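The block underneath contains the structure these notes are about, expressed in structure tokens.
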Amino acid sequence: MKWVPGRPEIDPLSGQVQTPANRFGGISLADQSALEVGLQLGTRRSLDVVAITVGGTRCEQSLRDALAAGARRAIRIDAAGPLSSAETARVLALSLDHASIIVCGDYSFDRGSGSVPAFLAAELGISQALGVVSLTAQVHDLLVTRRLDGGRREHLRIGDRAVISVEGSVAQLRRATLANTLAIRNNEIEVISPPLTIERPVSTSKPFRPRPRTLAMPHGNSTLERLNSITNVATTSTRGEQIELDPQESAAYILQTLTHWGYIE
Amino acid sequence: MLAIVPVRQGVIPAGFGETVSECDGRVLLIGEGCRDAAAQVKGIAREITIVEAGTFAPAAWARFLAIQLGGEDIIIFPASPDGRDLAPRLAFELGRSLYAGAIRVTTQRVDLARWGGQSIESLQPEPRLVATLQIGARDVVSSSSVGDVIELEYVTDLTTSDPTFISTTQPDTTSVDLAEAPRIVTGGAGIASADILAKLAAVAEALGASLGATRVVTDRGWVDHVRQIGTTGVVVAPKLYIACGVSGAVQHTSGIGQPEHIISINTDPSCPMMHLADLTVVGDVNEIIVELESLLTVTAGAK
Amino acid sequence: MTAETDSFDAIVVGAGPAGSCAALSLAKAGKRVVLIERGPFPGSKNMYGGVVYPRILDSLIDQWWIDMPVQRWVTRRTTMLLTDTQAFSVDFRTAAWGQIPYNGATTYRPDFDNWLAKKAEAAGAVVICETTVTGLLRNSAGAVCGVTTDRAEGDLQAHVVVACDGVNSFLAKQAGLYTHDDASHFTLGAKETLSLPKEVIDERFGVRGLDGVDIEILGGTGGVSGGGFLYTNYDTIGVGVVLKLTQLAAQKQRPEQLIAALKSHPAIAPLVEGATLKEYSAHLIPEAGAAMMPTFVADGLLVAGDAAAMCLAAGIWLEGVNFAMASGMYAAEAIVEALAHGDTSAKGLAGYLKRLESTFVLQDHRKLRRAPQLVLSDRVQHMYPHLVANIAERMFRVDNPLPKPGLRTIFSEERKRLGLRTRDLLRDAYDGFRSFG
Ligand SMILES: Cc1cc2nc3c(=O)[nH]c(=O)nc-3n(C[C@H](O)[C@H](O)[C@H](O)COP(=O)(O)OP(=O)(O)OC[C@H]3O[C@@H](n4cnc5c(N)ncnc54)[C@H](O)[C@@H]3O)c2cc1C
Ligand SMILES: Cc1cc2nc3c(=O)[nH]c(=O)nc-3n(C[C@H](O)[C@H](O)[C@H](O)COP(=O)(O)OP(=O)(O)OC[C@H]3O[C@@H](n4cnc5c(N)ncnc54)[C@H](O)[C@@H]3O)c2cc1C
Ligand SMILES: Nc1ncnc2c1ncn2[C@@H]1O[C@H](COP(=O)(O)O)[C@@H](O)[C@H]1O
């Protein structure tokens, strides 16, 4: 592995494209945002930005795009099959022990658990700030704001090496210039093939359906009353009404329904 | 099975009830203000352990918990922001597999939500594991028997590294208006452009409603991220909820409360959001928004 | 600023069939060529009816059928005349079209165009996507010498530019190659892709394996002049209409309403029953053929494919992809010639026109030049389907105890009933014979 002199800044992109419809796939908006944040930090601090991804040859287009947008190097860690988050982070960490700041996206397209960045921080034994919605780079520190639940926010200061994961809205990935796009097209993407464990869990996939819920004991003295109260037959619920009309008729129907429900006069 | 719930300033995160119920009432609270928090979980938890550990420090807490909890086979966190941060670090410390974004965890089977909640993957778990449970994935069971509250003493491991905590802020006013709004109109990925979203905002205003969005839309940068509704966004409680081009992923629907009336406009009649709605409108939401806007401006003009 | 990293022999704008064949052919000749496409990948935004006739690729891609993305090979072709309640069909099938060297295939454009562009890339062309060409660069002598794009540092220079940017070509217009710009020269094509299980398609259309059906339809588009089509893919079918733009606008009809009407026609409904809508799309078609073609070359510029109105849309024929591929290839050959002589002026590129004229590209258009007008005429659209269908209905109806009438009697009675003048009939027959015969 050849390292450029200086402290590289590393930006893991997810390039996982093993999906059903994935000619349209690529990297998540969060990962695009991560790349942009990385590029901006790189400019501000005069650091080299490296784009790195674990995946098959199909993610090379994303890496090329990253180079065209301004990343200094692009590394693909070769993995033919799906890896667990922990394994992904383990192999990423092998190439990242020089990185000062690692910017990840807050979710990848498929797994979307946002756990790779935390595993990565654990592997490297450095701090983490995940789900970042805004950040400011100061001379030495990074000030970041994380999203908590219920609309709350946490404000943190990051001094040394850290993994941060950013939301898609933090930054919009710049458009590469045509000159760059042409210039990088013959650049090599560095490929590393460390030994790794491909995940082969026995699993089945099916469309999402919510878990059944236990209903509260229905009101009513008789069985019939209880049944009615569960099924709502006495009330005039319209739950489940479906329409398929012209746009104009649909709009009119929606307003009519809202009027019927008493939301508009 | 043990639920671990991170606590901030005595506030427990969304999804703690589901997690505690999944673990049959056994919970460990860790963070700041756990004693206050313990009082809040009493109706649900029957066995409570608390660790007063100060402000959120995932690396240090994970190290501490790993030492304490080696004997617990199944550890589940709520998939709240803090839970999702802490779970992988603990899994790492314990050298176990992480099952992230689960909607069901049993010793026999784990169901995971994938592809933004569009599909479920079922697998047979390893015997010892760490998982995060989706908020709203199940119902909360109340428990009448309450045992003692046990307190564990927290010791920081100085070799770990966490960011420096500055402060936590409460929701800003722009999202409060959403949290308390009685009527909400939400735009999802079915919205084709920022222009259409602007039209939707106008429609919302004409209906006296606030505008919300799914993560896909906030990520596109079309509205501010404070308008994101769901697990990681704001949790809202409107009476009327109009979902426009929203598929109804768990992470989103867990944040919409229990509206009295739901309208869902979508091209796909079988997506989860349509199952929840009182009125489902099958069609191109972009065209319908344009029509709604013109109908509403015509009526407004006539008044 | 100009991208100085490379200088190119040629820039091809638009990675449709025309552009990819031009780039492939240039790259194979060892020329430095860049292919610029505005979509996220070649073919991403492209739509059409559904059948490609790829034989022109014989000289460009060895054994193209081996890896070309094919849905089905067309082995059955039906031409249907529809009135509101009747259908008259001519049905032809041959096993020959299901074997090498094949005839036509149904394929999805995003797959096909992407495949073709990949071939160009493999031959050495540089393919740049998500980049829109916004204008032409000219040198001091006024010759085209490159393009501007919507990216920063996005000017690009080359000896020749090939405009393959599709119907209504912005580049050809900017270069002043179109002298007319008239809505009556366009038709609008609109199509629905419907899902059906493969076995159901096999059964309904009477085909097996990868064999498929191409149905061209005359009539059935209500009051708007036009036609329809129905093609089978592997597990979807494409149903669409091609409509005269001016009438569509005048009658305030929406193309999707007309597709819906076509789908509910008694002859079509059983074929599409129970299918679910996957996709709807619409696109302009240069319909007037030879009558609207622009000048094909200027100094440093060639126009190919739909950009040069080379789509053949003449009633029962709807072919554009093969014309686009051929013209792209011929443009490339002319460029190679011109570069060898060091003359890329209009004169130096004249080999392009020669090739077009000596091959099917312009010969078919010449031959069929009256066809579009004829096919879209009121008589063909609104009277002949009735005439033919009524005659057929009476021929095959058993009106016992009445005896069977003679064909001549039926014909003249039906002609009179529809108010058709013999003179017009004869003229149309003559035109038709000259065009199609
Ligand atoms: C840990 C975690 C936390 C998350 N937190 C949140 C959160 O807080 N809030 C949130 O919203 N999401 C959250 N998500 C993301 C969530 O999983 C979904 O990806 C997201 O909610 C999907 O948004 P959507 O419905 O807009 O998009 P999609 O799922 O892409 O759905 C778009 C819908 O629009 C329909 N559509 C498309 N075109 C049209 C048209 N022309 N007319 C009508 N309908 C159309 C489609 O049929 C589809 O149903 C989170 C995910 C994870 C993993
Ligand atoms: C409804 C319908 C049905 C049809 N059915 C058939 C059929 O069954 N069989 C058949 O053979 N033909 C059919 N055709 C005709 C056929 O689609 C066209 O003739 C053919 O696609 C022309 O190819 P092209 O390469 O010239 O142009 P296109 O396929 O239109 O490609 C033009 C390319 O240029 C790109 N582009 C445009 N402007 C720019 C720019 N400024 N910068 C960069 N890129 C640009 C576009 O994105 C596109 O990729 C049909 C057409 C329609 C509309
Ligand atoms: N295979 C991978 N290669 C590089 N980075 C990855 C990979 N998988 C996940 N990541 C990073 O981790 C983030 C969260 O991913 P996930 O945990 O899969 O939701 C992504 O946004 C990426 O930045």
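Throughout, protein chains are lettered first and strands after them, A, B, ... in sequence-line order, and every chain is numbered starting at 1. Any value given below was found using the heavy atoms of this structure, including those in side chains, with hydrogens, waters and symmetry copies removed. Values in this document were obtained by computation on a predicted structure and should not be read as measured data.
No part of Val223(B) comes within reach of chain A, as not one of its non-hydrogen atoms sits under 4.5 angstrom from that chain. Neither the backbone nor the side chain of Ala171(A) comes within contact range of chain B, judged by heavy atoms closer than 4.5 Å. Interface remark: Ala252(A) contributes backbone and side-chain atoms alike to the contact with chain B (heavy atom separation under 4.5 Å). Proximity to chain A (any heavy atom under 4.5 Å) is restricted, for Ile263(B), to the side chain, taken from C-beta onward. Contact of Ser80(B) with chain A is made through the side chain alone, with heavy-atom distances under 4.5 Å. Residue contact with chain B, scored on non-hydrogen atoms closer than 4.5 Å, involves the side chain of Leu143(A) exclusively. For Ile265(B), the part lying near chain A is the side chain, with the backbone staying farther off; criterion is any non-hydrogen pair under 4.5 Å. For a residue to count as touching a neighbouring chain, one of its non-hydrogen atoms must lie under 4.5 Å from one of that chain's; by this rule Asp160(A) touches chain B with the side chain only.
The side-chain heavy atoms of Leu207(B) and Leu255(A), taken from C-beta on, include a pair separated by under 4.5 Å.
Note that OH of Tyr253(A) and CD1 of Ile288(B) are 13.5 Å apart. Values are rounded to the nearest 0.5 Å. One finds the CG atom of Asp85(B) at 4.0 Å from the CZ atom of Arg146(A) (value rounded to the nearest 0.5 Å). Between atom CG of residue Leu156(A) and atom OG1 of residue Thr168(B) there is a gap of 8.5 Å, rounded to the nearest 0.5 Å.
No other option in Ile126(A), Ile158(A), Val144(A), Ile264(A) has as many heavy-atom pairs under 4.5 Å with chain B as Ile126(A). Each of Gln242(A), Glu167(A), Arg147(A), Glu244(A) has some count of heavy-atom pairs under 4.5 Å with chain B, and the biggest count is that of Arg147(A).
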**Prompt:** Does the side-chain contact (heavy atoms from CB on, under 4.5 Å) test come out yes or no for Arg183(B) and Leu258(A), once each step is laid out?
**Reply:** CA-CA 11 Å; Arg183(B) 301 174 183 187; Leu258(A) 288 174; over 6 Å; no
**Request:** Let me see the working for Tyr263(A) and Lys239(B) under side-chain contact (heavy atoms from CB on, under 4.5 Å), right down to the final yes or no.
**Result:** CA-CA 10 Å; Tyr263(A) 292 100; Lys239(B) 262 183 74 178; 4.0 Å; yes
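Residues Pro163(B) and Gln128(A) share a closest heavy-atom pair of CG-O, 3.2 Å.
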